[in-house]
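Shown next, in structure tokens, is the structure this report addresses.
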Amino acid sequence: MELKKDPRCYTDVCVNGKWFHHDHLTKSAYMLNGSQSIAIELVKTPETEDELINLLQGYC
């Protein structure tokens, strides 16, 4: 699924049992980890949900 090209949109996905939050049109994401979120800088801005999942798999 293509990610909306709107900075107000975001996607939360579960990858290997861990939840991640990604704000559209950015290269940043963070792992939802209770009260402490772990910030992640992606190598590129994903354009689809599948691409986002592939980029996040390296952090699981």
Q: Kindly indicate, with the supporting measurements, whether the criterion salt bridge (Lys or Arg N to Asp or Glu O under 4.0 Å) is fulfilled by K4 and D6.
A: CA-CA 5 Å; K4 291 184 179 183; D6 185 337; over 6 Å; no

Count I, L, V, M, F, W, Y as connected when their side-chain heavy atoms are under 4.5 Å apart, and connections chain through other members. Are [X] and [Y] then in the same cluster?
X   : Y   : result
I40 : V13 : yes
I38 : V43 : yes
L3  : F20 : no

Q) For H21 and L32, which heavy atoms make the closest approach, and how far apart are they? A) CB-CD2, 4.2 Å

Q: State, to 0.1 Å, how close T45 and K27 come at their nearest heavy-atom pair, and which atoms those are.
A: OG1-CG, 3.1 Å

Would you tabulate the side-chain donor-acceptor contacts of residues 51-60 under 3.5 Å, counting partners in other chains and residues two or more places apart, or write 'none'?
residue, atom, partner, partner atom, Å
E51, OE1, E47, N, 2.8
E51, OE2, K44, NZ, 2.5
N54, ND2, D50, O, 3.4
Y59, OH, E41, O, 3.1

Q: Start with the C-alpha gap between H22 and Y10, add the side-chain angles, then the distance that decides, and say whether ring-ring contact (aromatic ring centres under 6.0 Å, His included) holds.
A: CA-CA 6 Å; H22 167 70; Y10 65 90; 9.9 Å; no

Q: Drop me the distance from D23's CG to R8's CZ, to the nearest 0.5 angstrom.
A: 13.0 Å

Q.
Could you work out, with salt bridge (Lys or Arg N to Asp or Glu O under 4.0 Å) as the rule, every residue matching D12, not counting sequence neighbours?
A. none

Q | H24 vs T11, side chain to side chain contact (heavy atoms under 4.5 Å, CB included): CA-CA, chis, key distance, verdict | A | CA-CA 7 Å; H24 292 197; T11 298; 2.7 Å; yes

